[in-house]
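Below: one structure, written as structure tokens.
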Amino acid sequence: MTFENILFEAREGVARLTLNRPDKLNSFNGAMHAELRTALATVQSDKSIRVLVISGAGRAFCAGQDLADPAMAMGPMQPDIGNVVEQHYKPLILTLQSLRVPTVAMVNGIAAGAGASLALACDLVVAGRSASFLQAFSKIGLIPDTGGTWFLPQRVGMARAMGLALLADKLPAEKAAEWGLIWQVVDDSELVAHVGKLAAQLATMPTKALVRTRQAMHAAPNHTLEQQLSFEAGFMRELGWCHDFAEGSAAFQEKRAPRFTGE
Ligand code: T3D
């Protein structure tokens, strides 16, 4: 599959999507959004894919919205930024959150604005030690969108979320891990190999169970404990009828490694 603003490849169960506008720090433009939709549709439909890794080309992960892209309704003649958010960023995040495979953000450099939100929308965020997270929005008179106001307080609590959002200071990767914003930080030189191993591991795991785990975790804040227990029971019922549960249980009894298929 050939794209102009992203790179996309799938091998051995691992799909790798790389934002590829390095001279613009991989900021989003309209064409990139269209290509992302196509790539994510492939991940959703290709059953051989068991995990998605998102990263950025060059020195950044993603600097958010391309502030110079005229097609994205910036400027006084087309001021409906809300429409851009509805048309591009909202579906991007909803698609990622409902994806049928686990997702990993490999944050190789700065993740700013909607780029930070993109990373936080992934199930696991692993950053290189020199990476950082920047809620750039208040610097240009906007709010943390692309799910930023949803992800931030859930991960780091209201006090830190407000500090990050209002003051728009860069949060270094190590501090982000310490605060629970992201899963892990590793040395820059080890990032690609580390995430490669992590992705290979996820690609052999019971995919449906991983995705139902994501869905259950995200549903929890809107449920009472009793509702959540019922919600969990529904997923357990479904998973109990799946191949991977039968295989996992059999492998345990037979004292061997399971061969999960994602089904
Ligand atoms: O339509 C809508 O707006 C709705 C959606 C909004 C969602 C959002 O994401 S709003 C937030 C948008 N993002 C930002 O405000 C971040 C802007 N960028 C920066 O603050 C800085 O570039 C960084 C802190 C991310 C990195 O700084 P630094 O010093 O490492 O790099 P730099 O020199 O600023 O940038 C390098 C190049 O990338 C530069 O181009 P040049 O001068 O070499 O030709 C710079 O203009 C370009 N670049 C960086 N970010 C963006 C960008 N170009 C377009 N859009 C960007 N967001």
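Computed over heavy atoms, backbone and side chain alike; hydrogens, waters and symmetry mates excluded. Counting convention: from 1, in listed order, for ligands and their atoms alike. Values in this document were obtained by computation on a predicted structure and should not be read as measured data.
- The main-chain N or O of Val84 is never found under 3.5 Å from a side-chain atom of Gln87 such that the two would form a donor-acceptor pair.
- Electrostatic pairing of Glu9 and Arg11 counts as a salt bridge here, judged by a charged N lying under 4.0 Å from a carboxylate O.
- For the pair Arg100 (side chain) and Ile49 (backbone), a donor-acceptor distance under 3.5 Å is present.
- Residue contacts with ligand 1, taken as heavy atom pairs separated by less than 4.0 Å, involve Ser27 solely via side-chain atoms from C-beta onward.
- Put simply, the side chain of Asp145 never gets that close to the backbone of Ala114: no donor and acceptor are under 3.5 Å apart.
- In terms of polar-atom proximity, defined here as any N/O pair under 3.5 Å, Gly64 makes no such contact with ligand 1.
- Geometrically, ligand 1 and Tyr89 share no nitrogen or oxygen pair separated by less than 3.5 Å.
- Closest to atom 9 (O) of ligand 1 by heavy atom, among Ala114, Gly82, Ala116, is Ala114.
- Residue contact check: Ala136 has heavy atoms under 4.0 Å from atoms 14 (C), 15 (O), 16 (C) of ligand 1.
- The shortest N or O to N or O distance between Arg59 and ligand 1 is under 3.5 Å.
- Close approach of ligand 1 to Phe137 (heavy-atom distance below 4.0 Å) involves ligand atoms 7 (C), 8 (C), 9 (O), 10 (S).
- Against a heavy-atom cut-off of under 4.0 Å, Leu134 is close to the following atoms of ligand 1: 24 (C).
- Atoms of ligand 1 lying under 4.0 Å from any heavy atom of Ile81, numbered from 1 in the order shown and given with element: 1 (O), 2 (C), 3 (O), 4 (C).
- When Gly113, Ala63, Cys62 are ranked by how near their heavy atoms come to atom 14 (C) of ligand 1, first place goes to Ala63.
- At a 3.5 angstrom cut-off on N or O pairs, Val85 does not count as close to ligand 1.
- Distance check, rounded to the nearest 0.5 Å: CG of Leu152 to CG of Leu181 gives 6.5 Å.
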Please determine whether ring-ring contact (aromatic ring centres under 6.0 Å, His included) holds for the pair Phe28 and Tyr89, giving the CA-CA distance in whole Å, both sets of side-chain angles, and the decisive distance to 0.1 Å. CA-CA 10 Å; Phe28 295 101; Tyr89 291 100; 5.3 Å; yes
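- The pair Glu247-Arg256 counts as a salt bridge, with a side-chain nitrogen and a carboxylate oxygen less than 4.0 angstrom apart.
- Of the charged side-chain nitrogens involved, at least one lies within less than 4.0 Å of a carboxylate oxygen, so that Asp187 and Arg129 count as a salt-bridged pair.
- Neither the backbone nor the side chain of Thr146 has any atom closer than 4.0 Å to an atom of ligand 1 (non-hydrogen atoms only).
- A donor-acceptor pair under 3.5 Å links the side-chain atoms of Asp69 to the main chain of Gly30, judged by distance alone.
- In this structure, Arg214 pairs ionically with Asp123, as a charged nitrogen and a carboxylate oxygen lie closer than 4.0 Å.
- At a heavy-atom distance under 4.0 Å, atoms from both the backbone and the side chain of Leu67 approach ligand 1.
- Close contacts between ligand 1 and Asp145 involve ligand atoms 5 (C), 6 (C), 7 (C) [criterion: under 4.0 Å to a heavy atom].
- Those atoms of ligand 1 that come under 4.0 Å of a heavy atom in Asp23, given as number and element, are 37 (C), 38 (O).
- Annotation for ligand 1: atoms under 4.0 Å from non-hydrogen atoms of Asp66 are 54 (C), 55 (N).
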